[in-house]
Asker: 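Dropping a structure here in structure tokens format, bear with me for questions.
Along the sequence shown, residues are numbered consecutively beginning with 1. Worth saying up front: this structure is predicted, and the values here are computed from it rather than measured.
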Amino acid sequence: NLMITIRQLREAIAEIVSTIPEIKKTRFVVSDDQMANTLETFKNSENTMLVCLVPTYQSFASDEDITGYVSFMQFFLVDKLDYKTKSEDDFTEVFIKIQEIVQTFILKLFEYQIGDCLVFGNLQQNSIVIRPVLHKAQCNGWEIQIDDKTYSGIDGLIEE
């Protein structure tokens, strides 16, 4: 495969999420506006939602004829918070609770395989960025950025 396809990503995420009971809803979006609309319609404040941004892809090439694509993936794990009924402690607890889900989610991305094949076998560990999300359509939680680098058209290099 040249890159991680949306179909592969959707199927993998569905399977991974099925093993994380805290994530109650998953949505795929293309733009920031669409994400804001998705979060606006997210009603339940006691459940965590996973929003997956459709990846951006960039090709690369080196002097040694090594080519391929980097799939830039972004995930948001968020809860809606009703500030009228929540205290400062509740606010902090959301970040603590979701941070644990983030750690589980990332581990499962690295472990996910079909048969003997790791679907995300080229995840770049040095690319992971995890940042807090605050007040995004009344939602708080964490954003995860991670890159997958797939090699293709490699002369003299055999993929195992």
Side-chain angles (χ1 to χ4, degrees), residues 1-42 47-80 95 97-137 139-160:
N1 254 2
L2 290 178
M3 59 189 80
I4 290 180
T5 65
I6 298 168
R7 183 185 311 278
Q8 285 173 316
L9 188 60
R10 187 179 64 187
E11 289 169 7
I13 295 302
E15 276 194 53
I16 289 169
V17 166
S18 73
T19 68
I20 306 174
E22 297 88 348
I23 301 175
K24 303 295 188 206
K25 221 176 215 170
T26 305
R27 293 285 181 270
F28 276 80
V29 298
V30 174
S31 69
D32 225 32
D33 288 348
Q34 188 186 10
M35 182 160 68
N37 292 339
T38 299
L39 295 178
E40 289 288 345
T41 61
F42 181 39
N47 293 323
T48 301
M49 177 192 253
L50 170 65
V51 180
C52 306
L53 224 58
V54 169
T56 299
Y57 306 99
Q58 182 175 343
S59 64
F60 66 87
S62 72
D63 293 342
E64 295 83 37
D65 291 328
I66 298 172
T67 61
Y69 283 89
V70 179
S71 304
F72 299 99
M73 296 182 288
Q74 264 183 297
F75 305 98
F76 293 82
L77 279 159
V78 294
D79 276 6
K80 189 156 257 186
F95 288 96
K97 179 187 95 172
I98 297 178
Q99 191 173 44
E100 291 169 5
I101 300 169
V102 164
Q103 291 174 347
T104 302
F105 178 76
I106 290 173
L107 281 175
K108 288 182 183 277
L109 275 180
F110 275 96
E111 294 168 357
Y112 183 74
Q113 58 187 62
I114 295 174
D116 291 336
C117 177
L118 284 172
V119 173
F120 303 106
N122 298 304
L123 285 178
Q124 304 296 296
Q125 236 169 334
N126 63 351
S127 75
I128 300 172
V129 176
I130 303 165
R131 67 171 59 92
V133 172
L134 180 65
H135 300 312
K136 199 165 187 80
C139 291
N140 296 325
W142 296 90
E143 172 191 356
I144 304 160
Q145 290 178 287
I146 190 165
D147 303 342
D148 184 276
K149 194 172 192 177
T150 307
Y151 298 91
S152 62
I154 304 169
D155 292 340
L157 188 65
I158 298 167
E159 284 192 270
E160 294 175 20

Asker: Examine the side chains of Arg131 and Gln145 and answer whether a donor and an acceptor come within less than 3.5 Å of each other.
Answerer: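 Side-chain D/A pair, Arg131 to Gln145: present.
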Asker: To check you understand the geometry: which heavy-atom pair defines the closest contact between Leu50 and Val17, and what is its length?
Answerer: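 Nearest heavy atoms, Leu50 then Val17: CD2-CG2, 3.6 Å.
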Asker: Between Asn140 (side chain) and His135 (backbone), is there a donor-acceptor pair under 3.5 Å?
Answerer: yes
Asker: Does Ile20 form a side-chain contact (heavy atoms from CB on, under 4.5 Å) with Thr48? I'd like the steps, not just the answer.
Answerer: CA-CA 10 Å; Ile20 306 174; Thr48 301; over 6 Å; no
Asker: On a heavy-atom basis, which atom in Met3 and which in Thr150 lie closest, and how many Å separate them?
Answerer: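 Residues Met3 and Thr150, closest heavy atoms: CA-OG1, 4.3 Å.
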Asker: Using side-chain contact (heavy atoms from CB on, under 4.5 Å), reason through Asp79 and Glu22 one step at a time and then give a plain yes or no.
Answerer: CA-CA 11 Å; Asp79 276 6; Glu22 297 88 348; over 6 Å; no
Asker: Classify the ring geometry between Tyr151 and Phe60 as parallel (under 30°), tilted (30 to 60°) or perpendicular (over 60°).
Answerer: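 Taking Phe60 first and then Tyr151, their aromatic rings stand perpendicular (interplane angle over 60°).
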Asker: For a quick test of reading the model, state the closest non-hydrogen atom pair linking Ala36 to Ala137 and the distance between them.
Answerer: O-CB, 3.9 Å
Asker: When rounded to the nearest 0.5 angstrom, what is the spacing between CD in Gln74 and CG in Asp147?
Answerer: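 So the CD of Gln74 and the CG of Asp147 are separated by 10.0 Å.
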Asker: Would you say Val70 and Thr56 make side-chain contact, with heavy atoms under 4.5 Å?
Answerer: no
Asker: Start with the C-alpha gap between Thr38 and Phe76, add the side-chain angles, then the distance that decides, and say whether side-chain contact (heavy atoms from CB on, under 4.5 Å) holds.
Answerer: CA-CA 12 Å; Thr38 299; Phe76 293 82; over 6 Å; no
Asker: Specify the closest pair of heavy atoms between Lys136 and Leu39, including all atoms of both residues, with the distance to one decimal.
Answerer: O-CD1, 3.6 Å
Asker: Determine whether a donor-acceptor pair (N or O, by modelled atom type, separation under 3.5 Å) exists between the side chain of Lys25 and the backbone of Val51.
Answerer: no
Asker: Does Thr26 reach the side chain of Cys52, with side-chain heavy atoms less than 4.5 Å apart?
Answerer: yes
Asker: Applying salt bridge (charged side-chain N to carboxylate O under 4.0 Å, His left out), which residue pairs with at least one partner in residues 101-121 are found, sequence neighbours left out?
Answerer: none
Asker: Which value, rounded to the nearest 0.5 Å, describes the distance between Leu77 atom CG and Ile101 atom CD1?
Answerer: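 Between Leu77 CG and Ile101 CD1, I get 6.5 Å after rounding to 0.5 Å.
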Asker: Give me the atom names and distance for the closest heavy-atom approach of Arg27 to Met49.
Answerer: CG-CE, 4.0 Å
Asker: Only one of Trp142, Phe105, Phe28 forms a ring-ring contact (aromatic ring centres under 6.0 Å, His included) with Phe75, so which one is it?
Answerer: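 Checked Trp142, Phe105, Phe28 against Phe75; only one passes ring-ring contact (aromatic ring centres under 6.0 Å, His included): Phe105.
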Asker: Within this structure, what is the CZ-CD distance for the pair Phe120 and Gln8, rounded to the nearest 0.5 Å?
Answerer: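 Going from CZ on Phe120 over to CD on Gln8, the span is 8.0 Å.
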Asker: Mind running side-chain contact (heavy atoms from CB on, under 4.5 Å) on Val54 and Val29 for me, showing each step along the way?
Answerer: CA-CA 6 Å; Val54 169; Val29 298; over 6 Å; no
Asker: So, do Val102 and Phe95 sit near enough that their side-chain heavy atoms are less than 4.5 Å apart?
Answerer: no
Asker: Checking the side chain of Tyr57 only, and the main-chain atoms of Ile4 only, is there a donor and an acceptor separated by less than 3.5 Å?
Answerer: yes
Asker: What closest approach, in Å, do Lys24 and Pro21 show between heavy atoms, and which atom pair accounts for it?
Answerer: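 Shortest heavy-atom separation between Lys24 and Pro21 comes out as NZ-O, 2.8 Å.
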Asker: So, taking the atom named NZ in Lys149 and the one named CD1 in Ile66, what distance separates them when rounded to the nearest 0.5 Å?
Answerer: 9.0 Å
Asker: Rounded to the nearest 0.5 Å, how far does CD of Gln58 lie from OH of Tyr69?
Answerer: 10.5 Å
Asker: Under 3.5 Å, is there a donor-acceptor pair between the side chain of Ser71 and the main chain of Pro55?
Answerer: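 Checked: no pair found.
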Asker: If you measure from OG1 on Thr104 to CD1 on Ile16, what distance do you get to the nearest 0.5 Å?
Answerer: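 That separation rounds to 11.5 Å.
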Asker: Gln99 versus Ile130: any side-chain heavy-atom pair under 4.5 Å?
Answerer: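 Side chain of Gln99 against side chain of Ile130, heavy atoms only: no contact under 4.5 Å found.
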